[in-house]
**Q** 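The structure under discussion is supplied below as structure tokens; questions concerning it will follow.
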Amino acid sequence: MLEQLEELHTQALNELGKIDNIAELESWRVCYLGKKKGLPQILRSLSTLSLEERKRVGAKANEIKKSLELILTEKKRGLEEASVISLVDREKLDVTLPGRPIPTGRLHPITQTLEEICDVFKNMGFQVVEGPDVEWDYYNFEALNIPQHHPARDMFATLWIDSEVGEKSRLLRTHTSPMQIRIMEQSRPPIRVIVPGRTYRYEATDATHESMFYQVEGLAVDENITLANLKSTLFEFCHYLFGEETKVRFRCDYFPFVEPGVEVAIQCLSCHGTGCRLCAYTGWIEILGAGMVHSDVLKRVGIDPEIYTGFAFGLGVERIPMLRYGIDEIRLFYSNDLRFLKQF
Ligand code: FA5
């Protein structure tokens, strides 16, 4: 039996030498030191021996057991250390490598322009308000002196939501001017507001026309407001945005909800007035329509035109970055081409 123990000891040590991971080491432990196999099994058969032999074999078996337990602990520690070292090695960080840049978002050029426009008017004392994209026929047309069958409806090719005709028909607002009515219904003079927002028209697109575009509406109602106030406000705005030297053209125009009506254009910054694709070879780019609020409009919202007067304007937003950066194609703003958008 002593020989049997020696053999077991040698075999255990040989096998242990070949082990290089924790899972195999555990199998080895079960095999040689586990309760059912190996040494403990041999120790259980001691009862068949004489007292003398039992003492000797028992002492030897305990000695081997202790030696195997000791060597098992050492081997386990060694393997654990090796696995930590290899993990550290695999996950090692090279702190000298350059960091990965975090891609940051940016504001769309039209959003940037809207913010800039709002800032200019805020500095002049205007308040910013917003209105609904889906509008009633009443606000978009009727209340602005454009009743059913009025030829001015042709100026605004409309995307209708409801098919029935009448004040209660819904549409996608063709301009931000309906907000003039909503604001004057809700507040009394003095009024100074601007309304940035999306507008929609059912029209074929070209280099300077989109079917969805932004406008900023302006409205000022108070005592003694004159056309001179409108002109100075708009000139101030244009010079601030495009530079003091920029030529601004102020001409008569017709809109049923203002009297008189004007149109404001900027000399094309791309060709300096000689004519190019951006200005449709006219030398000028129209950026807004404006005028003095019509007395009928004031009466309709309960403001006395004998006491109060007002001016209003509606500015096309896309035309501004087009002029400033020489962009000759409005559709680029909404075609989601990152090569274009990343330049702003
Ligand atoms: C109007 O929309 C009037 N509501 C403006 C107004 C407001 C007049 C207050 C009087 C008082 P108009 O249709 O001209 O007007 O449009 C105003 C501006 O919007 C134009 O000068 C132009 O810069 C821009 N615009 C018009 N149609 C388009 C389009 N399809 N695509 C891009 N911009 C456009």
Side-chain angles (χ1 to χ4, degrees), residues 114 116-131 138-146 152 155-156 173-197 199 214-242 244 246-266 286-317 319-320:
L114 279 167
E116 204 178 338
I117 295 170
C118 289
D119 283 346
V120 177
F121 285 111
K122 274 196 267 180
N123 287 339
M124 292 188 206
F126 285 76
Q127 191 191 340
V128 182
V129 292
E130 286 184 45
Y138 175 75
Y139 287 108
N140 198 82
F141 291 128
E142 294 275 340
L144 290 168
N145 289 345
I146 316 175
M155 291 161 71
F156 307 101
R173 65 176 173 192
T174 56
H175 50 173
T176 40
S177 298
M179 277 304 285
Q180 289 183 30
I181 307 297
R182 287 183 178 272
I183 291 159
M184 289 192 285
E185 276 180 351
Q186 285 161 16
S187 44
R188 298 289 94 183
I191 295 170
R192 274 166 190 66
V193 285
I194 53 161
V195 186
T199 52
Y214 279 83
Q215 285 192 344
V216 173
E217 192 78 9
L219 175 70
V221 185
D222 206 344
E223 289 178 38
N224 302 321
I225 288 207
T226 67
L227 192 67
N229 297 127
L230 171 64
K231 196 173 172 185
S232 66
T233 306
L234 294 179
F235 271 56
E236 175 82 16
F237 168 75
C238 292
H239 286 146
Y240 181 88
L241 236 72
F242 301 108
E244 288 293 329
T246 309
K247 289 210 173 95
V248 183
R249 190 180 71 183
F250 213 71
R251 290 207 303 198
C252 284
D253 201 349
Y254 170 71
F255 299 96
F257 38 98
V258 288
E259 181 56 36
V262 295
E263 166 229 277
V264 175
I266 303 282
E286 182 204 313
I287 58 160
L288 63 88
M292 300 303 292
V293 181
H294 199 290
S295 54
D296 286 350
V297 174
L298 290 176
K299 277 187 216 153
R300 194 168 289 118
V301 291
I303 294 178
D304 186 350
E306 297 297 327
I307 304 171
Y308 296 107
T309 48
F311 69 67
F313 58 85
L315 168 77
V317 175
R319 306 258 167 109
I320 298 203

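We use all heavy atoms of the structure for the numbers below, so side chains are in, but hydrogens, waters and symmetry mates are not.
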**Q** What distance do Glu306 atom CD and Leu298 atom CG have between them, rounded to the nearest 0.5 Å?
**A** 10.5 Å
**Q** CG/Asn224 to OG1/Thr226 distance, rounded to the nearest 0.5 angstrom?
**A** 8.5 Å
**Q** Asn123 side chain to Val120 main-chain N or O, any donor-acceptor pair under 3.5 Å?
**A** no
**Q** Check for a donor-acceptor pair, side chain of Gln215 on one end and backbone N or O of Gly314 on the other, with a separation under 3.5 Å.
**A** no
**Q** Within a strict 4.5 Å, meaning less than it, do heavy atoms of the Ile117 and Pro196 side chains meet?
**A** no
**Q** Between Glu217 (side chain) and Ser177 (backbone), is there a donor-acceptor pair under 3.5 Å?
**A** yes
**Q** Can you check whether Ile225's main-chain N or O pairs, donor with acceptor, with Thr309's side chain at less than 3.5 Å?
**A** yes
**Q** Does the side chain of Glu263 reach to within under 4.5 Å of the side chain of Arg249, using non-hydrogen atoms?
**A** yes
**Q** Please determine whether side-chain contact (heavy atoms from CB on, under 4.5 Å) holds for the pair Ile266 and Arg319, giving the CA-CA distance in whole Å, both sets of side-chain angles, and the decisive distance to 0.1 Å.
**A** CA-CA 10 Å; Ile266 303 282; Arg319 306 258 167 109; over 6 Å; no
**Q** With side chains defined as the heavy atoms from C-beta onward, is the minimum distance between Val248 and Leu234 less than 4.5 Å?
**A** no
**Q** Find the distance between CG (Asp119) and CZ (Phe126) and round it off to the nearest 0.5 Å.
**A** 14.0 Å
**Q** Any non-hydrogen side-chain atom of Pro305 less than 4.5 Å from a side-chain atom of Lys299?
**A** yes
**Q** Supply the atom-to-atom distance Met292 CE to Phe257 CZ, rounded to the nearest 0.5 angstrom.
**A** 14.5 Å
**Q** Could you point out which residue of Asn145, Val297, Asp296, Leu144 forms a side-chain contact (heavy atoms from CB on, under 4.5 Å) with Pro256?
**A** Asn145
**Q** Against Phe313, only a single residue in Val258, Ile194, Val262, Leu219 fulfils side-chain contact (heavy atoms from CB on, under 4.5 Å); can you say which?
**A** Ile194
**Q** Is the positively charged end of Arg173 above the ring of Tyr139, judged by distance under 6.0 angstrom from the centroid and angle within 45° of the axis?
**A** no
**Q** Parallel, tilted or perpendicular, judged at 30° and 60°: which one describes the rings of His239 and Phe235?
**A** perpendicular
**Q** Could you check if a side-chain atom of Arg182 sits within less than 4.5 angstrom of a side-chain atom of Val195, using non-hydrogen atoms only?
**A** no
**Q** Whether the side chain of Ser187 engages the backbone of Met184 through a donor-acceptor N/O pair (distance < 3.5 Å, no angle test) should be reported.
**A** no
**Q** Does the side chain of Ile287 come within less than 4.5 Å of Cys238's, by heavy atoms?
**A** yes
**Q** What's the shortest heavy-atom distance between Ile181 and Ala143, and which atoms?
**A** CD1-O, 3.5 Å
**Q** Say you draw a straight line from CZ of Arg188 to CD1 of Ile303; how long is it, rounded to the nearest 0.5 Å?
**A** 4.5 Å
**Q** For Tyr240, does the OH atom have more than 12 heavy-atom neighbours from other residues, nucleotides or ligands under 6.0 Å away?
**A** no
**Q** Anything under 30° is parallel, anything over 60° is perpendicular, the rest tilted; go ahead and classify Phe156 against His175.
**A** tilted
**Q** For the atom pair CD (Gln180) and NE2 (His294), what is the distance rounded to the nearest 0.5 Å?
**A** 12.5 Å
**Q** Kindly indicate whether the side chain of Phe121, heavy atoms from C-beta on, has any atom under 4.5 Å from the side chain of Thr233.
**A** yes
**Q** Are any of the side-chain heavy atoms of Phe237 and Met124 separated by less than 4.5 Å?
**A** yes
